[in-house]
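These notes concern the structure reproduced below.
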There are 2 protein chains.
Amino acid sequence: MDIKTALLAFSALSQEGRLEVFRLLVKAGPDGLAAGLIAERAGRAPNTLSAQLNLLQQAGLIESRREGRSIIYSACFDKVSDLIVYLMEDCCAGEPCVASSVQAAAERALCCAPSSSVTS
Amino acid sequence: MDIKTALLAFSALSQEGRLEVFRLLVKAGPDGLAAGLIAERAGRAPNTLSAQLNLLQQAGLIESRREGRSIIYSACFDKVSDLIVYLMEDCCAGEPCVASSVQAAAERALCCAPSSSVTS
DNA sequence: TCCATATTTCCATGATCGTTGAAATATTGA
DNA sequence: TCAATATTTCAACGATCATGGAAATATGGA
C-alpha cells in the first residue's frame, strides 16, 4: 500500500458518518447490506448515504454488487488488512513495541475464531 | 480506544502534510525532533507546521517536551498500537482473515527486531 | 410499454479546514 | 533588562467538504 492509498483510507474513515457506515458493513460481513437498509439503519437520507458509500468505495474499503433492484455494499477486509499492515510496517518501522502488542491482539482474535475461515 | 478517539486519529492522519510529519517523527524515534527542524525538513512555514503538530497532538499521536528554546515532538507509539488494535478488534471483529494477515506482519516485524525492546 | 422501487447524480448552500502574515509568548545569554 | 531565537496564537482568506432537494438512471413486474 502506498501513501496515497493510505491517505484515501484514513480520509474515508475520518468522518463520523462514514466510520459508522463502515463499521455497520463490517458487522454485516461478506453478505453486506443494501444501500437503502444502510440509510435506514444510519438514519440518513439515501443521497447523503450514497455520497458516503461512494467515498468509502473510492478508498477501496468497501465494494458493491447489484442484486435485482438493490445495490449491496460489503466491506473489503483485505484492504483493511493492508491498511493495518501499512500502519505497522511503514509508519512504525523498527518499533517492536507496536508490533508486539498488535501481535498479541491478533492472537486473541484468532484463538476464538473458526480456523476454517483463516485465509492468511 | 473509543470511536471518538479513533475518529480524531484518522482525521489527523488523513491529510498529506500531517501524515508526512507523523512519519517523520516515527522515523526519528523516541528522541523526536524540534519543531523548527520538522518545518525545515517538511518545507513548510513554522506556523503552518505548528497547527499540524497541534492537531496530531490533540489526537494523541505525538507528544511534546521543551528542551531549552526548542520544543521537541516525538511519536506516541502506544497510541498507534491502540489505533491498530482498534481497527482489528472493533472495526473488524470476527474476521480472522484480517487478524491472521496482521499477525503474520507482526511476526515479520518482530523477528528482525532486538528482543530487548519488546515491551508488549 | 408503463409504473413502482432502489439508488445515484446534479446542484446549491452552509460549515469546516488549511494556510499564511502579523503579533504574542517563552527561553537563553549578555 | 535587552536582544536574539524558537515557537505559538490570532485573524482572515480561499478551498474543500457534507448535506439534502430535485431530477435522472436502472431494474423488475404487470
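- A salt bridge is absent between B/Lys79 and B/Glu63; no separation between the charged side-chain nitrogens and carboxylate oxygens falls under 4.0 Å.
- Annotation: side chain of B/Leu56 is not in contact with side chain of B/Tyr73 (no heavy-atom distance under 4.5 Å).
- In terms of the side chain to side chain donor-acceptor pair (under 3.5 Å) criterion, B/Asp31 has no residue partners (sequence neighbours excluded).
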What verdict does the side chain to side chain donor-acceptor pair (under 3.5 Å) test give for B/Ser81 and B/Asp78, after you've listed the backbone C-alpha separation in whole Å, the side-chain angles of each residue and the deciding distance to 0.1 Å? CA-CA 5 Å; B/Ser81 301; B/Asp78 54 335; over 6 Å; no

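- Using a 4.5 Å cut-off on side-chain heavy atoms (C-beta onward), B/Ser11 and B/Gln15 make no contact.
- Scanning both residues, A/Ser64 and A/Gln57, for their nearest heavy atoms gives OG-NE2, 2.9 Å.
- Partner B/Val21 forms a side-chain contact (heavy atoms from CB on, under 4.5 Å) with one of B/Leu55, B/Leu49, B/Val26, B/Ile62 and no other, that one being B/Leu49.
- Using a 4.5 Å heavy-atom threshold, the side chains of A/Met88 and B/Val102 count as touching.
- Taking the side chain as every heavy atom from C-beta outward, B/Leu110 and A/Pro96 approach each other to under 4.5 Å.
- Considering only heavy atoms from C-beta on, A/Arg41 comes within 4.5 Å of A/Leu24 through its side chain.
- Using a cutoff of 4.0 Å between basic side-chain nitrogens and carboxylate oxygens, B/Arg18 and B/Glu16 are not scored as salt-bridged.
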Output, in order, the C-alpha distance, side-chain angles, deciding distance and verdict of side-chain contact (heavy atoms from CB on, under 4.5 Å) for B/Arg44 and B/Gln52. CA-CA 10 Å; B/Arg44 274 187 287 277; B/Gln52 298 179 332; 3.2 Å; yes

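- Contacts between residues 6-26 of chain B and DNA chain C, counted as heavy-atom distances below 4.0 Å, involve B/Gln15, B/Arg18.
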Secondary structure string for DNA chain D (Watson-Crick or G-U under 3.5 angstrom, | for other-strand pairs): ||||||||||||||||||||||||||||||

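- Put simply, the side chain of A/Glu95 reaches to within 4.5 Å of the side chain of B/Pro30, judged on heavy atoms.
- Taken residue by residue, residues 30-55 of chain A places heavy atoms nearer than 4.0 Å to DNA chain C at A/Ala34, A/Ala35, A/Gly36, A/Pro46, A/Asn47, A/Ser50, A/Asn54.
- The shortest side-chain heavy-atom distance between B/Thr5 and B/Asp2 falls under the 4.5 Å cut-off.
- Contact footprint of chain B on DNA chain C: nucleotides with an atom under 4.0 Å from a non-hydrogen protein atom, first to last in 5' to 3' order, C/dG18 to C/dT28.
- Shown for residues 69-77 of chain A: residues whose heavy atoms fall under 4.0 angstrom of DNA chain C, namely A/Arg69, A/Ser70, A/Ile71, A/Tyr73.
- With a 4.5 Å cut-off on side-chain heavy atoms, B/Leu7 and A/Leu19 count as touching.
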